Structure formats: structure tokens, C-alpha cells
Amino acid sequence: MGVVYTDMETALVEHENIVREYFMTLVPPKDHKFAALHGAVWSGGSFVYVPAGVDVKIPLQSYFRLNAAGAGQFEHTLIIVEPGAKLHFIEGCSAPRYNVTNLHAGCVELFVKEGARLRYSTIENWSRNMMNLNTKRALVERDGLIEWVSGSFGSHVSMLYPCSVLHGEGARCEFTGVTFAGKGQNLDTGAIVVHAAANTSANINTRTISKSGGAATYRSAVKVTKNAPHAKCSVNCESLMLDDFSRSDTLPVMDIEGDEADIGHEAKIGRISEEAVFYLMARGISEDEARAMIVRGFVEPIAKELPLEYAVEMNNLINLELEGQL
């Protein structure tokens, strides 16, 4: 069908014209210091090109693993979905545990053309010595749709805010994410949406969980430009704290330059109901499993957006986090 799916080094040789046109134009090296570092030393990554009108029925999947102690990982993912095309791309990341700090400063550039649809799903399960400072950005043209499904586990520190630039009229964004911060973790995650055209819409739905002193921060930025009348954006963040010494913060920022926008934000924070735990235990379920069931139910809106094998993996990661084994 003309779909190109290969590694970035091969794409540089076999598809130079496409790479030259798009590479590091959405995330330029001057964007911030880690983007500059990435632009200087990047290696590896995935390249996907979907021709106009092609519907890729089977998800494409890439997996990145950092195997060296004290190393940096700088993979670059570049995806172009031409007008009217459809693609689901799944990315997985992990690293074994070392006693020294590792750095992940990758870059993801997604180009969604007119009437195209791209779902980008990722499950990140880093070891506790990882600094995860990734940059992800999508440019969506007229009537295009970008769907983010994001699961953030592991790492010592994460700063991850996938950005959607709704550049064409009627462009849409759906963001669904879950973050689990355990002992010794500071996970700062969220989403950015820029409404740069009329009748654009976005829906951000996130779940954050913190336990054993972990800190989970949800940070969002919604910008509506003067060129985006009738823009709509809904932000919903729910946080679950599993003990009395963990931390959860919500930091939404909304910059609205026009007076014809419909913007809403809702945040909730709570703990596991002891009544619900007692109800489940009264039906023969152990206390640990009862709490795990409630947590899995809390993240169910995210799990149901994943393919079955990834949803199972995410539930396994949640169980390991609850047991303190990650």
C-alpha cells in the first residue's frame, strides 16, 4: 500500500527528501536545551510514512530499551500521515535498573494531514534511575485527528507534556493518560494543546496515582489564539492518593486570546474508600486485591483505549507498583 516503516538511519538513506522536509521542524533544536542536545547526538528511532487515503488496519509497534549504565538515549520518531490516511502507532520504552543515572531525551514529531487520523499509544516503564525528559509534538491540519494514549510508569524524574498544535480548521485532539508515582519518584506529566484555527476541539482526560511518598504532578497548557474562534477544550484530571504522605498537584494553565472559546477544566482528588474495600473483602476478596481492583477501575478509561495485550501489561505494572516491586 506504499506504507514506509523503518528505522531513522535507513530512512535518511532511502527517503532523504521526506526526512529533510520534516526532521526537527516541529521540535527545532532551539526549542529548549534538551532538544538542542537531542538534535546534536540523536540516534535510532522509528520512521513511518502513510500515503494519502491508506487505512493501516494493524497497529505498527516499536520498542526501545536502554541497556547501558550511565548512558543517554536519544531516539527520534518521525511519523507522517498523509490526507485521509489512518494509523495506530504503539511505542514501548523500558530500561533495566542500574546504580547510576541514565538519561532519556528522545523526540517525537507527528504530522497529521487534512482529514487524517493518527492514534499514538505509548507505555513507558523506566527503571528508578532514569531521567525521562522526552519531547513529543503533533501538527494537525484541517479536519485531522490526533489521539494520544499515554502510560507513564517508572523513572526517577519525568517531565513529559505531549503537545498538539491544531493548525487547520476543524482539527481535533484526544488525550488520555495515566501516571503512577511510587517511592522516590517525581513524575511531572500532562498535555499541551494550541488552538490555532477555527472550530478546533480538544479533550484531555488524565488519571494520576501516588503512593509510598511519590509525587505526581499534572501540568497542562491550553492556548487559544486570536485566529481560533469557536475553539472548544475540556480538561479533566483525577488524582488518587493511596496514603497520607504522598503528593499530588494539578497545575492547569489556560491562555485564551479570543472571546468565542468554550474552555472547561475539572479536577478531582481523593483516596480509596474504606467502605468499598470492606464491601469487597466481605465477598471473599483479600484487602490487597480489593485495593488493586479499585485502582484498576480508576484507570479503566485509559486501559480500554489500549490493545488487549497492552491493557494486560498496564494492569500488571499497576499490580507491581502496588506491591512495591518496580
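Count residues from 1 along the sequence. Note that this is a predicted model, so its numbers are computed, not measured.
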Enquirer: Salt bridge or not between Lys232 and Glu260? Use side-chain N to carboxylate O under 4.0 Å.
Expert: no
Enquirer: Please report the closest heavy-atom contact between Val235 and Ser220, naming both atoms and the distance.
Expert: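 Distance-wise, the nearest heavy atoms are CG1-OG, 4.3 Å.
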Enquirer: Please say which of Phe89, Phe47, Tyr49 ends up in a side-chain contact (heavy atoms from CB on, under 4.5 Å) with Tyr5.
Expert: Phe89
Enquirer: Could you grab the distance from atom CG of Leu12 to atom CG of Asp7, nearest 0.5 Å is fine?
Expert: 9.0 Å
Enquirer: Shortest non-hydrogen contact from Asn102 to Ala71?
Expert: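 So the minimum-distance heavy-atom pair works out to OD1-N, 3.3 Å.
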Enquirer: Could you walk me through whether Leu37 and Phe74 pass the side chain to side chain contact (heavy atoms under 4.5 Å, CB included) test, one step at a time?
Expert: CA-CA 9 Å; Leu37 175 63; Phe74 304 93; 3.6 Å; yes
Enquirer: A quick test of your reading: do over 12 heavy atoms of other residues, nucleotides or ligands sit less than 6.0 Å from NE2 of His156?
Expert: no
Enquirer: Which distance, rounded to the nearest 0.5 Å, do you find between the OG of Ser212 and the NZ of Lys183?
Expert: 7.5 Å
Enquirer: List for me each residue that meets salt bridge (charged side-chain N to carboxylate O under 4.0 Å, His left out) alongside Asp262, sequence neighbours excluded, and say none if there are none.
Expert: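 Per chain and number, Asp262 pairs via salt bridge (charged side-chain N to carboxylate O under 4.0 Å, His left out) with no residue.
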Enquirer: Which heavy atom of Thr200 sits nearest to which heavy atom of Gly170, and what is that distance?
Expert: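 Looks like CG2-N, 4.2 Å.
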Enquirer: Could you tell me the separation between the CZ atom of Arg128 and the OG atom of Ser155, rounded to the nearest 0.5 Å?
Expert: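 Here the rounded value is 8.0 Å.
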Enquirer: Please check: side-chain N/O of Glu266 versus main-chain N/O of Cys237, any donor-acceptor pairing under 3.5 Å?
Expert: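 No, because the side chain of Glu266 does not come within donor-acceptor range (under 3.5 Å) of the backbone of Cys237.
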Enquirer: Are Leu166 and Val193 packed together at the side-chain level, in the sense that at least one heavy-atom pair is separated by less than 4.5 angstrom?
Expert: yes
Enquirer: What pairs with Glu91 under side-chain hydrogen bond (donor to acceptor under 3.5 Å, both in side chains), at least two apart in sequence or on another chain?
Expert: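 Listed in chain order: Thr77, Tyr120.
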Enquirer: Would you call Glu289 and Arg296 a salt bridge, using N to O less than 4.0 angstrom?
Expert: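 Looking at Arg296 together with Glu289, the answer is yes, because their closest N to O distance falls below 4.0 Å.
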Enquirer: Looking only at the side chains, is there a donor atom on one of Tyr161 and Thr135 sitting less than 3.5 Å from an acceptor on the other?
Expert: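 Looking only at side-chain atoms, Thr135 and Tyr161 do not form any donor-acceptor pair under 3.5 Å.
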Enquirer: Do the side chains of Leu133 and Ile192 join up, straight or via other hydrophobic residues, at under 4.5 Å, putting them in one cluster?
Expert: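 In one cluster: yes.
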Enquirer: Show every donor-acceptor pair shorter than 3.5 Å between a side-chain atom in residues 147-154 and any protein atom, with sequence neighbours excluded, or say none if there are none.
Expert:
residue : atom : partner : partner atom : Å
Glu147  : OE1  : Arg117  : NE           : 3.2
Glu147  : OE1  : Arg117  : NH2          : 3.2
Glu147  : OE1  : Arg119  : NE           : 3.4
Glu147  : OE2  : Arg117  : NH2          : 3.3
Glu147  : OE2  : Arg119  : NH2          : 3.2
Trp148  : NE1  : Ser164  : OG           : 2.7

Enquirer: Before accepting this row, confirm whether a basic side-chain N of the pair Glu174/Arg172 lies closer than 4.0 Å to the acidic partner's carboxylate O.
Expert: no
Enquirer: Using a 4.5 Å cut-off on heavy atoms from C-beta on, say whether the side chain of Leu60 contacts that of Val48.
Expert: yes
Enquirer: In chain order, what residues pass the salt bridge (charged side-chain N to carboxylate O under 4.0 Å, His left out) check against Glu238, with sequence neighbours excluded?
Expert: Arg207
Enquirer: Determine whether a donor-acceptor pair (N or O, by modelled atom type, separation under 3.5 Å) exists between the side chain of His32 and the backbone of Ala35.
Expert: yes
Enquirer: Does Gly44 offer a backbone N or O that forms a donor-acceptor pair with the side chain of Glu9 under 3.5 Å?
Expert: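 Answer holds: yes.
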Enquirer: Indicate yes or no for a side-chain donor-acceptor contact from Glu109 to the backbone of Thr25 under 3.5 Å, with no hydrogens or angles considered.
Expert: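 A pair under 3.5 Å: yes.
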Enquirer: Can you tell if the side chain of Pro162 reaches within under 4.5 Å of the side chain of Phe175, non-hydrogen atoms only?
Expert: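 They are in side-chain contact.
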Enquirer: Taking the side chain as C-beta and beyond, is there a heavy-atom pair between Asn236 and Thr206 under 4.5 Å?
Expert: no
Enquirer: Could you give me the CA-CA distance, side-chain angles and deciding distance for Thr101 and Asn129, then say whether side chain to side chain contact (heavy atoms under 4.5 Å, CB included) is met?
Expert: CA-CA 5 Å; Thr101 300; Asn129 59 294; 5.5 Å; no
Enquirer: At what distance, to the nearest 0.5 angstrom, does CZ of Arg283 lie from CD1 of Ile285?
Expert: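 Spacing of CZ (Arg283) from CD1 (Ile285) equals 9.0 Å.
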Enquirer: Do other residues, nucleotides or ligands put more than 12 heavy atoms under 6.0 Å from His265 NE2?
Expert: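 Count over threshold, so yes.
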Enquirer: Could you walk me through whether Leu110 and Val108 pass side chain to side chain contact (heavy atoms under 4.5 Å, CB included), step by step?
Expert: CA-CA 7 Å; Leu110 311 177; Val108 175; 3.5 Å; yes
Enquirer: Flag the pair Ile209 / Thr179 as yes when at least one side-chain heavy-atom distance between them is below 4.5 Å, and no otherwise.
Expert: no
Enquirer: Are Met8 and Leu78 side-chain neighbours, meaning at least one heavy-atom pair lies under 4.5 Å?
Expert: yes
Enquirer: Between Ser158 and Leu160 (side chain of the first, backbone of the second, donor and acceptor by atom type, cut-off under 3.5 Å), is there such a pair?
Expert: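 Side chain of Ser158 to backbone of Leu160: no pair is present.
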Enquirer: I want to check something: taking the side chain as every heavy atom from C-beta on, are Leu240 and Val295 in contact at a cut-off of under 4.5 Å?
Expert: yes
Enquirer: When rounded to the nearest 0.5 angstrom, what is the spacing between CE in Met281 and CZ in Arg291?
Expert: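 Here the rounded value is 8.5 Å.
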Enquirer: Would you call Glu124-Lys136 a salt bridge at under 4.0 Å N-O?
Expert: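 Looking at Glu124 and Lys136, the cut-off is met.
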Enquirer: Out of the candidates Val140, Ile146, Leu139, only one should pair with Phe111 under the side-chain contact (heavy atoms from CB on, under 4.5 Å) rule; please name it.
Expert: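 Of the listed residues Val140, Ile146, Leu139, the side-chain contact (heavy atoms from CB on, under 4.5 Å) partner of Phe111 is Leu139.
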Enquirer: Is Arg142 salt-bridged to Glu169, cutoff N-O under 4.0 Å?
Expert: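 Here Arg142 pairs with Glu169 in a salt bridge, since their nearest N and O are under 4.0 Å apart.
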Enquirer: Which atom pair, heavy atoms only, marks the closest approach of Leu187 to Ala181?
Expert: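 Taking every non-hydrogen atom into account, CD1-CA, 3.9 Å.
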Enquirer: Under 4.5 Å between any side-chain heavy atoms of Val222 and Asp255, yes or no?
Expert: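 They are not in side-chain contact.
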Enquirer: Is it true that the side chains of Ser46 and His76 contain a donor and an acceptor less than 3.5 Å apart?
Expert: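 Judged by distance alone, the side chains do not pair up.
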Enquirer: Which residues satisfy the side-chain hydrogen bond (donor to acceptor under 3.5 Å, both in side chains) test with Asn134, sequence neighbours excluded?
Expert: none
Enquirer: Is a donor from one side chain sitting under 3.5 angstrom from an acceptor on the other, for Ser248 and Ser210?
Expert: no
Enquirer: Can you name the side-chain hydrogen bond (donor to acceptor under 3.5 Å, both in side chains) partners of Arg247, sequence neighbours left out?
Expert: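 In terms of side-chain hydrogen bond (donor to acceptor under 3.5 Å, both in side chains), with neighbours along the sequence ignored, Arg247 is linked to Asp249.
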Enquirer: Would Val3 and Val54 satisfy side chain to side chain contact (heavy atoms under 4.5 Å, CB included), going step by step from the backbone distance to the final call?
Expert: CA-CA 8 Å; Val3 176; Val54 173; 3.9 Å; yes
Enquirer: Using modelled atom types only, decide if a donor and an acceptor are shared between the side chain of Gln185 and the backbone of Gly182 within a distance under 3.5 Å.
Expert: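 Yes, Gln185 side chain to Gly182 backbone: donor-acceptor pair under 3.5 Å.
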Enquirer: Do any N or O atoms from the side chain of Arg219 and from the backbone of Gly190 form a donor-acceptor pair under 3.5 angstrom?
Expert: no
Enquirer: Answer yes or no: is there an ion pair linking Lys211 with Asp243, defined by an N-O contact shorter than 4.0 Å?
Expert: no
Enquirer: Thinking salt bridges, do Lys226 and Glu257 make one under a 4.0 Å N-O criterion?
Expert: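 Between Glu257 and Lys226 there is no salt bridge, as every charged N stays at least 4.0 Å from the carboxylate O atoms.
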Enquirer: What is the distance from atom CG of Leu280 to atom CD1 of Ile294, rounded to the nearest 0.5 Å?
Expert: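 Between atom CG of Leu280 and atom CD1 of Ile294 there are 5.5 Å.
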